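So that the names make sense, note that chain A is the first sequence line, chain B the second, and so on, each numbered from 1. All of these numbers come straight from a predicted model, not from anything done at the bench.
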Amino acid sequence: MTWEWICEHWVISSAAALAILVLAVRILTPRRRKSVPDDVVLLHSFPRTTFAPSSSPFVLKLETYLRMAKIPYEVDDSSVFGKKGKIPWITLNNKDVADSYFSIEHINKHFEVDLDHDLTAQQRATSRLLEKTMEENTFWATMVQDLIFDHCDESMEHQKIPMIFRLLLKLYFKRVIKKYRWGHGIGRHSSEEIRHIGACDLRAMSVLLGDKPYFMGDEPTRVDATMFGILGILVFGLPAVASSHKLLDTELPNLVKYVHRMKERFWPDWNNIVSKTDCSYLCGSTGI
Amino acid sequence: MAAVANQDKDAILMYHFPRASTIPSASPFALKLETYFRMTGVKYESDLTGKFSKKGKIPWVIIDGKEIGDSAFIIDYVNNKYNIDLDKNLSDLDKSIAHCFRKMTEENTFWASISYGRLVDNFPWLLKQLGVPSALTWIAKLIVRRRLLKNMWGHGIGRHNGAEVRSIAEGDIRSISEFLDNKPFFMGDQPTSIDAVMFGFLAELVWFMPPQHWTTKFVTEEHSNIAEYCERMKAKFWPDWEDNLKK
């Protein structure tokens with residue numbers, strides 16, 4: 001019965017088989033890791049996209065942090081996953097560190113950096129809770145909900161994701177992410193409940209930013225990397241019809257202005273960085 | 001449907017776990033919700049059979065003939081129904097801070113401290129506390145613990161090693177302690193809705209973690225303002241604490 005289905009739907013089946021073959025070649029082909037000098041961070045990420053330096057809010061967060069802290073770095077866009085099965089991860093002086101949070105902790109320790117040195121204990125507490133709220137809750141209730149579940153087709157079109165990857169996302173990754181968010185807990189709610197959760201978070205963050213230029217005051221601190229990472233994808237990576245993008249546009253203009261402020265300050269080369277073509281998801285800068 | 005004999009029809013029926021030996025509930029979310037009912041004076045009765053909701057979680061309630069799951073949605077519904085607002089004297093800024101504290105505690109700290117401490121480490125202790133016969137321990141480890149570990153992998157916390165998880169939990173709890181400082185309640189002189197959340201969670205660390213677990217010492221000695229806060233909340237809203245423990 002499976003074989004009959006494959007024969008009847010040969011276009012979809014061929015595209016899926018081709019995508020699997022391409023991925024298998026990329027995974028199995030031995031690659032020499034890009035070498036960088038000592039004390040230069042090698043940031044392992046996905047290829048550049050057409051709408052932002054990365055489709056991953058955690059890559060955008062980490063790369064923005066490196067720029068904020070003026071840490072020398074280079075990018076490896078070969079999409080090789082780290083030991084925890086995620087991207088981003090870094091290599092610094094031959095030591096691999098996975099996860100953006102632990103990468104930043106490692107960078108801070110190695111380079112003796114502390115972007116929060118002027119914050120009081122209460123401000124540091126507020127900064128941490130903002131970061132954790134955004135990464136552990138808002139991310140799921142806004143970006144994941146809009147991109148993968150509510151507006152998948154429109155988002156993939158907006159992000160100019162190649163057809164092959166669109167099929168993979170819909171046929172495979174969507175199921176995987178559904179299981180992840182069930183485990184997280186947020187996946188047990190209805191779509192309407194999840195959107196409500198996300199909207200409450202964004203409104204709270206808008207109040208917490210107020211009319212300040214950055215979340216903790218006049219100068220950017222560590223939490224701004226996280227906030228820009230995720231809000232940036234909501235602003236640039238989602239179509240106008242997406243609930244969280246619409247909410248930002250219509251009700252929370254201070255968050256949108258904040259995103260543009262961070263972009264202008266830390267990404268003056270944004271237009272040179274983003275990909276000019278939509279094949280980069282497969283090719284990257286290193287090619288197949 | 002009700003498993004409570006002679007249930008008061010004006011009372012909300014709350015479904016949660018049986019009482020534990022040192023704390024009214026092993027679930028921080030059930031303790032939060034029950035504390036909230038006590039803070040607001042809303043009448044409730046308990047079904048302690050441990051029956052799960054349609055979302056596969058505890059606690060849940062039946063109100064107006066409807067099943068409502070998730071403690072946050074239940075509190076919203078109760079607030080609307082009875083026109084309650086424990087946060088009416090808070091500024092928008094304070095409400096937003098409280099909102100984010102709830103999210104961090106429930107979506108991050110809970111996993112890194114309570115979940116990890118009881119499920120990844122010390123699972124047999126938890127089973128014994130919940131009264132699971134020792135003959136069934138191996139089944140619980142094979143089926144239940146595996147399912148819970150998969151949940152933690154999906155969440156993300158399950159991808160870190162023990163030392164990393166501890167550092168995450170310590171950072172969160174330190175932030176909670178610093179923000180609480182020496183205030184009587186989380187947002188100031190009067191209890192607000194965030195106090196139900198924080199008490200529900202912090203009380204578990206004070207009174208229901210495995211013996212010698214690092215979290216208990218962390219909140220009773222290194223950040224003792226947390227334990228003192230829990231004692232205050234317990235005295236104010238749970239004067240009958242001992243009557244609500246497993247006999």
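Between A/Lys61 and A/Glu135 there is a salt bridge, with a side-chain nitrogen of the basic residue lying less than 4.0 Å from a carboxylate oxygen of the acidic one. With respect to the salt-bridge test (charged N to carboxylate O, under 4.0 angstrom), the residues B/Arg166 and B/Glu170 qualify. Salt bridge annotation for B/Arg174-B/Glu222: absent, with no cationic side-chain nitrogen under 4.0 angstrom from a carboxylate oxygen. A salt bridge links A/Glu251 and A/Arg203; the closest N-O separation between the charged side-chain nitrogens and carboxylate oxygens is under 4.0 Å.
Contact of A/Lys179 with chain B is not made at all, since no heavy-atom distance falls under 4.5 Å. With a threshold of 4.5 angstrom between heavy atoms, B/Thr105 does not approach chain A through any atom at all. Contact annotation for B/Asp94: neither backbone nor side-chain heavy atoms come within less than 4.5 Å of a heavy atom of chain A. Both the backbone and the side chain of B/Glu164 come within contact range of chain A, with heavy atoms under 4.5 Å apart. The parts of A/His189 that come within reach of chain B are both its backbone and its side chain, each placing non-hydrogen atoms under 4.5 angstrom from that chain. When heavy atoms are compared at a cutoff of 4.5 Å, A/Ile197 approaches chain B solely by way of its side chain, counted from C-beta outward. Contacts between A/Glu193 and chain B at a heavy-atom distance below 4.5 Å involve backbone atoms as well as side-chain atoms. Looking at A/Asp99, only its side chain comes within 4.5 Å of chain B, counting heavy atoms on both sides.
How far CG of B/Leu86 is from CG of B/Asn79: 7.0 Å, rounded to the nearest 0.5 Å.
Nearest heavy-atom pair, B/Lys32 versus B/Ser71, reported as atom, atom and distance to 0.1 Å: NZ-OG, 2.9 Å.
Side-chain contact, B/Asp64 with B/Tyr77: a donor N or O sits under 3.5 Å from an acceptor N or O.
Each of B/Ile176, B/Thr109, B/Asp92, B/Asp172 has some count of heavy-atom pairs under 4.5 Å with chain A, and the biggest count is that of B/Asp172. Note: A/Arg128 leads A/Arg128, A/Gln122, A/Arg124 in heavy-atom pairs under 4.5 Å with chain B. Top candidate by heavy-atom pairs under 4.5 Å with chain B, chosen from A/Lys84, A/Lys83, A/Glu136, A/Lys132, is A/Lys84. Among A/Glu105, A/His196, A/Arg181, A/Lys86, the residue with the largest count of heavy-atom pairs under 4.5 Å with chain B is A/Lys86.
Not less than 6.0 angstrom separates the ring centroid of B/His155 from the ring centroid of A/Tyr180.
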